[in-house]
Protein chains: 2
Amino acid sequence: MSLAHAILGLLQQEEMTGYDLKTSCFDQCIAHLWPADQAQIYRTLDKLVEQGWTTCKVEIQRDRPNRKVYSVTEAGIAELIQWLQCHQPLPKVREPLLIQLFFAAQLPNEAIIQLLKQQLAARHEKLAECESIELPTLGDQSASREQILQRLVLELAIRREETYIDWLKTAIDAIRHQ
Amino acid sequence: MSLAHAILGLLQQEEMTGYDLKTSCFDQCIAHLWPADQAQIYRTLDKLVEQGWTTCKVEIQRDRPNRKVYSVTEAGIAELIQWLQCHQPLPKVREPLLIQLFFAAQLPNEAIIQLLKQQLAARHEKLAECESIELPTLGDQSASREQILQRLVLELAIRREETYIDWLKTAIDAIRHQ
DNA sequence: CTTTTATATAGGATTAATCTAATATTAGCA
DNA sequence: TGCTAATATTAGATTAATCCTATATAAAAG
């Protein structure tokens with residue numbers, strides 16, 4: 001599971017609690033990349049400890065629940081590096097809109113166009129979100145190795161949205177002039 | 001759930017058994033659009049009957065298990081048409097490769113490039129699959145309404161793969177000349 | 001003075017997807 | 001003669017994702 005390895009990757013950069021992972025990683029930079037909710041993160045941390053890939057120091061606090069700070073073990077780092085090099089199968093994308101379009105023949109043209117326009121708006125919004133993330137551009141000589149890789153990931157996210165927007169426009173046109 | 005509505009859409013074109021749905025729809029034209037396995041299809045058919053959206057005629061066969069032929073009810077058609085017009089949320093795409101790239105900083109360049117090349121090959125393969133599906137092109141005046149819509153869906157699938165391939169080439173280049 | 005936000009974790013429940021095995025018969029192939 | 005593929009359905013099990021609730025307290029906001 002990639003979530004486990006994403007968590008290993010994050011903990012390797014810095015030891016953290018489940019709460020930290022959620023609020024400063026999965027709600028921020030990784031949000032558009034690999035969404036995960038609190039329950040998933042805590043349960044995955046438990047599994048990582050079971051596997052021996054992370055350890056957990058409990059910091060006792062009187063005023064609130066104890067903090068459990070997780071860090072990666074040697075075995076965890078080995079596992080991460082090994083996983084990073086394994087070819088992963090292409091994800092299966094299930095797109096409700098495509099099912100709708102596939103069976104839309106009995107809808108009037110305006111109804112189909114309305115559907116496509118709603119998607120177009122949603123895609124524009126997502127593109128704007130991606131573009132608001134600040135990272136050095138690809139040509140930038142001062143960018144670190146990490147930054148280049150993160151930029152590449154962001155670059156795909158942006159291109160993906162642009163492809164959608166383009167296609168939606170083509171589709172609206174095709175249905176209009178049909 | 002879109003699977004239920006995809007099945008309604010298919011049954012509306014023609015009444016069918018669960019086996020037919022699997023072998024002549026979900027393994028063929030819908031395969032790259034909404035993969036579904038046999039267990040899911042049968043269970044969804046049960047749910048559709050419960051909901052009153054389909055009915056089921058049992059054809060008794062002596063030599064093999066009875067065929068259960070499903071067809072859509074009035075209520076089912078109403079439900080489908082209503083669903084076809086509802087804005088669906090954008091799917092969340094979880095791409096293991098992006099997690100890998102995001103944390104790939106400690107890998108040597110050749111390892112990263114190898115990973116990207118494997119993806120490139122897989123994407124080329126998928127693109128070829130999409131391109132092998134025969135449907136009238138978008139400009140074709142003789143195309144039916146159904147065919148135009150199906151062409152549009154296919155068009156997106158193709159563009160999606162092309163975007164990937166382009167991006168993978170850029171990424172390989174960026175890492176090489178880093 | 002009350003409500004919200006932040007800190008921090010645990011665990012039950014549900015849905016969707018995937019895998020697996022069981023059942024039963026015919027037809028074709030080697 | 002024995003094996004495999006095709007036809008057709010049922011059901012158990014597991015994993016992943018999502019939601020929701022519970023617990024506990026401090027600080028800030030209104």
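Every heavy atom of this structure was used, including side-chain atoms; hydrogens, water molecules and symmetry mates were not.
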Q) Is K22(B) near enough to dT9(D) that one of its side-chain N or O atoms lies under 4.0 angstrom from OP1 or OP2? A) no

**Q.** Neighbour count >12 (heavy atoms, 6.0 Å) for atom CD, Q13(B)
**A.** yes

Q.
I want to verify a distance call: between dA16(D), dG12(D), dA16(C), whose nearest atom is closest to the K47(A) side chain?
A. dA16(D)

Q: Select one nucleotide: of dT18(D), dT9(C), dA17(C), the one nearest the side-chain heavy atoms of R94(B).
A: dT18(D)

**Q.** For atom CD of E15(B) and atom C1' of dA8(D), their distance in whole Å
**A.** 16 Å

Q. When the distance from CD1 of I41(B) to C1' of dA11(D) is rounded to whole Å, what number comes out?
A. 16 Å

Q. Given dA16(D), dT18(C), dG12(C), which nucleotide is nearest the side-chain atoms of Q40(B)?
A. dT18(C)

Q. D37(A) side chain: which of dT18(D), dA13(D), dA16(C) is closest?
A. dT18(D)

Q: Could you check if a side-chain atom of L168(A) sits within less than 4.5 angstrom of a side-chain atom of L97(A), using non-hydrogen atoms only?
A: yes

Q: Compare the minimum distances between each of dA17(D), dT9(D), dC19(D) and the side chain of R43(A), then state the nucleotide with the smallest one.
A: dC19(D)

(Q) It should be established whether T23(A) places a side-chain nitrogen or oxygen under 4.0 Å from OP1 or OP2 of nucleotide dT7(C). (A) no

Q | dA10(C) base / Q38(A) side chain donor-acceptor hit below 3.5 Å | A | yes

Q | Whole-Å distance separating the CG atom of L45(A) from the P atom of dA16(D) | A | 15 Å

Q. Are any of the side-chain heavy atoms of F26(A) and I41(A) separated by less than 4.5 Å?
A. yes

Q. Rounding to a whole Å, what distance do you find between Y42(A):OH and dA22(D):C1'?
A. 14 Å

Q | Between P of dA16(D) and CE of M1(A), the distance in whole Å | A | 5 Å

Q: State whether K126(A) and E162(A) are salt-bridged, where the test is any N-O pair (Lys NZ or Arg NE/NH1/NH2 against Asp/Glu carboxylate O) under 4.0 Å.
A: no

Q) Could you state the CZ-C1' distance from R67(B) to dA6(D), rounded to the nearest angstrom? A) 13 Å

Q | Nearest-nucleotide comparison on DNA chain D, the residue closer to the 5′ end among D46(B) and A36(A) | A | D46(B)

Q: If the plane angle is over 60° it's perpendicular, under 30° parallel, otherwise tilted; pick one for W53(B) and H5(B).
A: tilted

Q: Would you mind classifying the nucleic acid contact of A39(B) as base, sugar-phosphate or nothing, using non-hydrogen atoms under 4.0 angstrom?
A: base

Q) Whole Å only: how far is the CD atom of E50(A) from the P atom of dT15(D)? A) 12 Å

**Q.** Rounded distance (Å) that lies between atom C1' of dA8(D) and atom CG of D20(B)
**A.** 10 Å

Q) Considering only dT10(D), dT18(C), dT18(D), which nucleotide approaches the side chain of K92(B) most closely? A) dT18(D)

